[in-house]
Amino acid sequence: MAPSGKNLIRVELSFVTDDDADALGDRIRESVANIVGRQAIEEFRVRSMPLGPKHRPLRSVDEG
């Protein structure tokens, strides 16, 4: 069933990487802009948290 009218869609994800957070954020924003169009992006934020040596890996999404 097709949605009627406009909808606000919010997508959240988290991942662990050694890559530059700002550079990754730029790439993700460009990918989203290619999918929905630059004008459709209402809000985009990137937040990075340093992980210490005792970091426990996050549970895999596939592990249920």
Side-chain angles (χ1 to χ4, degrees):
M1 183 165 126
S4 60
K6 292 185 179 185
N7 293 290
L8 177 65
I9 307 297
R10 180 174 297 274
V11 177
E12 295 184 28
L13 64 103
S14 299
F15 54 90
V16 177
T17 183
D18 292 328
D19 294 339
D20 177 49
D22 291 332
L24 280 171
D26 289 342
R27 289 173 54 199
I28 293 168
R29 181 181 344 206
E30 286 302 313
S31 296
V32 172
N34 285 329
I35 295 168
V36 302
R38 193 169 306 281
Q39 303 83 0
I41 298 176
E42 290 288 326
E43 173 185 7
F44 190 93
R45 290 186 276 177
V46 175
R47 186 174 71 184
S48 178
M49 285 189 309
L51 299 174
K54 293 184 178 184
H55 167 69
R56 189 179 100 240
L58 299 174
R59 181 179 54 85
S60 170
V61 174
D62 295 333
E63 291 179 15

Task: Within 6.0 Å of CD in E43, more than 12 heavy atoms from elsewhere - done: yes

Open item on the list: Quick check on the hydrophobic clustering: are I35 and V11 connected, directly or via other members, by side-chain heavy-atom contacts under 4.5 Å?
Closed with: no

Task: Smallest separation among heavy atoms of L8 and E42, with atom names - done: CD1-CG, 4.1 Å

- [ ] Verify the cluster assignment for M49 and V46: are they in a single hydrophobic cluster under the rule of side-chain heavy atoms below 4.5 Å apart?
- [x] no

- [ ] State the CZ-CZ distance between R29 and R38, to the nearest 0.5 angstrom.
- [x] 9.0 Å

Open item on the list: Can you list everything that forms a side-chain contact (heavy atoms from CB on, under 4.5 Å) with D19? Sequence neighbours excluded, please.
Closed with: T17, L24

